[in-house]
**Student:** 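Following this message is one structure expressed as structure tokens.
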There are 2 protein chains.
Amino acid sequence: MVLEIPMGKRLPIPSTLKDVANSANVSIPIVSRVLSGNPEVRVSADTRQRILKAAKSLSYHPNASARSLKAKRTYTLALFVPDVGNPVIPEIIRGVEAGAQSAGYAAFVSHLDEKAVSEQRYLTWLQEGRFDGLILATARLEDSIVEDLVRSRRPFVLVNRRESSTNMHITVDDAAGARIAINHLVELGHRRIAHLAGPLMFDTSLRRLQGYRQELDAHGIAYDSSLVQEYSWQTWEGGKVAMKRLLQGKKPPTAVFASNFMGAVGALGALKEFGLKIPEDFSLVGLHDSPIAEVIDPPLTVVKMPLHEMGRRAAEILINILEDRPCVIPQVLTPEGLVMRKSTAPCRCLS
Amino acid sequence: MVLEIPMGKRLPIPSTLKDVANSANVSIPIVSRVLSGNPEVRVSADTRQRILKAAKSLSYHPNASARSLKAKRTYTLALFVPDVGNPVIPEIIRGVEAGAQSAGYAAFVSHLDEKAVSEQRYLTWLQEGRFDGLILATARLEDSIVEDLVRSRRPFVLVNRRESSTNMHITVDDAAGARIAINHLVELGHRRIAHLAGPLMFDTSLRRLQGYRQELDAHGIAYDSSLVQEYSWQTWEGGKVAMKRLLQGKKPPTAVFASNFMGAVGALGALKEFGLKIPEDFSLVGLHDSPIAEVIDPPLTVVKMPLHEMGRRAAEILINILEDRPCVIPQVLTPEGLVMRKSTAPCRCLS
DNA sequence: AGAAGTTGAGCAAACGTTTAACCAAAAGGA
DNA sequence: TCCTTTTGGTTAAACGTTTGCTCAACTTCT
């Protein structure tokens, strides 16, 4: 089947205040005032009715560009995400939208791929005033982006990530999340607990590693660096390879805490390849929840993070800046807790 | 840790053409012309240099609202998706962005939740001229949306879905996809092939069912309505329940074709609960690929659809309409083919 | 009745950009 | 020398809104 678009099927020309004013036999400003809905405007009942009727019959809608030009505001936020496919992203998106909407702002999502970065699209659009502020929801972050943003002195917020050049960020308490995971494993009797760490150049990975060590410490378990494997971010393949390395060590672990969702999935693959039964032979805890965690085999026990809340706060902060309102906001969110599914069980070493 | 936003940290005021003109001691229009990059403009080398220098040192960026107001165009497209978490969405998004960018347009994604529908946000934003055209990437579609859009006479394109009230849609050949899946199963020796069908009020589900029947016919296999189960869309739970019903029939199937990705995942869960080994005891084919298909156990054999291409075309069509260019575009894309993984195998009934 | 206040609406300017129309000065042609 | 053309700009208008100011026509008060 083929779609033919004929030439010259002109699109309708939107009606303007002028059209409404002409139709109602009044001046433009009074139309603007009446349609603004402001109860302060003094206008006769008759005029008001005529204007309302004309606006409706012409299906008038105020032009956003003209409004923004006048107001020097678009009341629009942009949310840049590097990877739309990442399972943690959707909840952040919904959070940002919720936060924006409740303050009368719109939020749009844009995919920050390599090309967008090299063209500095995020910056240009901000500078052109296409939107008032920017939220960067990203784990894979090129530092140059943040520096450009700081230099531009335009409002932006980092989500789920910190950067030395700015204090405009909102994150979850990754260390606390790691501690919850490790505590759970320790309580199940595990002692040799491995950690699949994300690239340590990222602050999130570092904090998770920190939490891992802290909690081991708290339980009097010695830290064994051979039980920590760094793996490449965001791809399950990386987690798989790293998990294999862990299993091939001389004293393999009985449980593992994976630094993120895709890593956990990769690790699961490796464990199965080694013929290990989860959770009977080996326990696995992931970080960040996702609907997918329920359907994989076995369903994954994870530490859930308040991603929605984080998105909402990011929008709130940004809007406070835009409206030049002072505000004091907790910048680090505590984990929501453990979601127990079927990938963890008491350590065999107990029996 | 707490973030304090101090009051009165004024944001920088963007510079305008006027500022540049003053700084370079020229009039505004010549600045506009020089910065437009149009080689036709006749200007002395000296003036050009002064303007360029001033623009750079003031870090001038043209104001998007003013431009759009003048041009009556925003060169922006909006892509509304009902469910950001749906695994097929990311590729469509990337396709739309690619198509938009190559034509000089920007594309933004917005999440079309219930509230957005009830507030008709998609319509309002279009009517306000926040963007020039609209792409609806949705399977869960409320008809009223399309009707509103048609009535508004503003440009929009439906992606992955058809609707009687418009011919502005671009889809994949679902029937052909179903045929590929069934043919694969038949070639593996399966005869009792079930179908998990999406809600039959959706055209996509209907076409997949159609393809299923056609291909059975082509192989001389009688259609057995007890082998078809309708299940609720987009949730793996639905697929699970439906699959269980199929397995509890008197003459259970040896293979199943699931109408979409989440359905296939749900079916997998049900099959495992019944103690069936995949693919030894039972074969499963899904529709639509996703990175997740590789990591679940077993990796899912699916029929892959050209989702990226579909997104790209949607953007192309929309832009052709906007620029009042006639065009002839294939409206139905053929499947990319079967992605063979580990969820299908020769029928046991053969041995 | 005259002054003062209120009501209802119009006029004009501004937001930043683009573009058509215009014009002085320099250059070229007879 | 005078007329025409080219060069290198300028002036003015327009896109659709919003908002401060103005102002005529009533109303109310003294």
Side-chain angles (χ1 to χ4, degrees), chain A residues 11-52 54-55 58-76 124-125 127-130 132, chain B residues 11-52 54-55 58-76 124-125 127-130 132:
Chain A
L11 296 167
I13 295 164
S15 55
T16 70
L17 277 184
K18 193 174 174 183
D19 301 325
V20 178
N22 285 342
S23 165
N25 262 311
V26 289
S27 69
I28 294 176
I30 192 67
V31 178
S32 170
R33 284 192 257 249
V34 166
L35 295 182
S36 79
N38 183 342
E40 302 275 289
V41 292
R42 327 199 119 287
V43 67
S44 72
D46 174 56
T47 310
R48 158 169 274 130
Q49 288 315 312
R50 285 211 318 280
I51 290 175
L52 259 28
L58 291 171
S59 75
Y60 168 78
H61 289 266
N63 179 285
S65 300
R67 263 196 174 166
S68 312
L69 175 59
K70 185 71 179 157
K72 292 167 177 288
R73 282 283 175 83
T74 60
Y75 294 96
T76 299
T124 314
W125 286 351
Q127 289 169 325
E128 288 177 339
R130 272 165 178 269
D132 301 337
Chain B
L11 297 167
I13 297 163
S15 54
T16 69
L17 277 184
K18 194 174 175 182
D19 301 324
V20 178
N22 286 341
S23 165
N25 262 309
V26 289
S27 68
I28 293 176
I30 193 67
V31 177
S32 171
R33 283 191 264 247
V34 165
L35 295 182
S36 78
N38 184 342
E40 303 276 290
V41 292
R42 325 200 119 285
V43 66
S44 72
D46 175 57
T47 310
R48 158 168 276 132
Q49 289 314 312
R50 286 212 318 279
I51 291 175
L52 259 27
L58 291 170
S59 75
Y60 168 78
H61 289 268
N63 179 286
S65 300
R67 264 198 174 164
S68 311
L69 176 59
K70 185 66 179 165
K72 293 168 178 285
R73 282 281 176 83
T74 61
Y75 294 97
T76 298
T124 314
W125 287 351
Q127 288 169 326
E128 287 177 340
R130 272 165 179 269
D132 300 336

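To find a chain, count down the sequence lines: A is the first, B the second, and so on, and within it residues start at 1. Scope of the values below: all heavy atoms of this structure, side chains included, with no hydrogens, waters or symmetry mates.
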**Student:** Main chain of Leu58(B), side chain of Ser15(B): is a donor-acceptor contact present, judged purely on distance under 3.5 Å?
**Tutor:**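 Yes: the side chain of Ser15(B) pairs with the backbone of Leu58(B).
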
**Student:** Quickly work out the Ile51(B) CD1 to dT10(D) P distance and round it to whole Å.
**Tutor:**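 In whole Å, dT10(D) P and Ile51(B) CD1 are 8 Å from each other.
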
**Student:** For the side chain of Asp19(B) and the backbone of Thr16(B), is there at least one donor-acceptor N/O pair under 3.5 Å apart?
**Tutor:**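 Yes: the side chain of Asp19(B) pairs with the backbone of Thr16(B).
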
**Student:** Atom CG in Asn63(B), atom CD in Gln127(A): separation rounded to 0.5 Å?
**Tutor:**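 So the CG of Asn63(B) and the CD of Gln127(A) are separated by 12.5 Å.
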
**Student:** Do you know which two heavy atoms are closest between Glu128(B) and His61(A), and how far apart they sit?
**Tutor:**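 For Glu128(B) versus His61(A), the nearest heavy atoms are N-CB, 4.4 Å.
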
**Student:** Looking only at non-hydrogen atoms, find the nearest pair between Asn25(B) and Arg50(B) and report the distance.
**Tutor:**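 Heavy atoms of Asn25(B) and Arg50(B) come nearest at O-NH2, 3.8 Å.
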
**Student:** Can you list, in residue-number order, the parts of residues 63-75 of chain B that come under 4.0 Å of DNA chain D, counting heavy atoms only?
**Tutor:**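 Hits under 4.0 Å, by residue number: Leu69(B), Lys70(B), Lys72(B).
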
**Student:** Under a 4.0 Å heavy-atom cut-off, which of residues 31-49 of chain A touch DNA chain D?
**Tutor:**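 By residue number: Ser32(A), Arg33(A).
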
**Student:** What pair of heavy atoms forms the shortest contact from Arg33(A) to Val41(A), and how long is it?
**Tutor:**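 Answer, listing the atom of Arg33(A) first, then Val41(A): CB-CG1, 3.6 Å.
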
**Student:** Can you name the nearest heavy-atom pair linking Thr74(B) to Ser65(A), along with the distance?
**Tutor:**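 That closest heavy-atom pairing would be CG2-OG, 4.2 Å.
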
**Student:** Which ones in residues 17-28 of chain B lie close to DNA chain D, meaning a heavy atom under 4.0 Å from one of its atoms?
**Tutor:**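 When residues 17-28 of chain B is checked for heavy atoms under 4.0 Å from DNA chain D, the hits, listed by number, are Val26(B), Ser27(B).
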
**Student:** With rounding to the nearest 0.5 angstrom, report the OG to CG distance, Ser68(B) to Asp132(B).
**Tutor:**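 Between Ser68(B) OG and Asp132(B) CG, I get 8.0 Å after rounding to 0.5 Å.
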
**Student:** Looking only at heavy atoms, which two atoms of Val43(A) and Arg48(A) are closest? And how far apart?
**Tutor:**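 It is CG1-NH1, 3.6 Å.
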
**Student:** Measure from the side chain of Tyr60(A), starting at C-beta and using heavy atoms only, and say which of dG10(C), dT17(D), dT10(D) lies closest.
**Tutor:**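 Between dG10(C), dT17(D), dT10(D), the one nearest the side chain of Tyr60(A) would be dT17(D).
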
**Student:** Heavy atoms only, 4.0 Å cut-off, all strands: where does Pro62(B) land among base, sugar-phosphate and nothing?
**Tutor:**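 Sugar-phosphate, backbone atoms only, no base.
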
**Student:** Can you tell me which residue among Thr47(A), Leu35(A), Val31(A) is in a side-chain contact (heavy atoms from CB on, under 4.5 Å) with Leu52(A)?
**Tutor:**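 When Thr47(A), Leu35(A), Val31(A) are each tested with Leu52(A), the side-chain contact (heavy atoms from CB on, under 4.5 Å) holds only for Leu35(A).
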
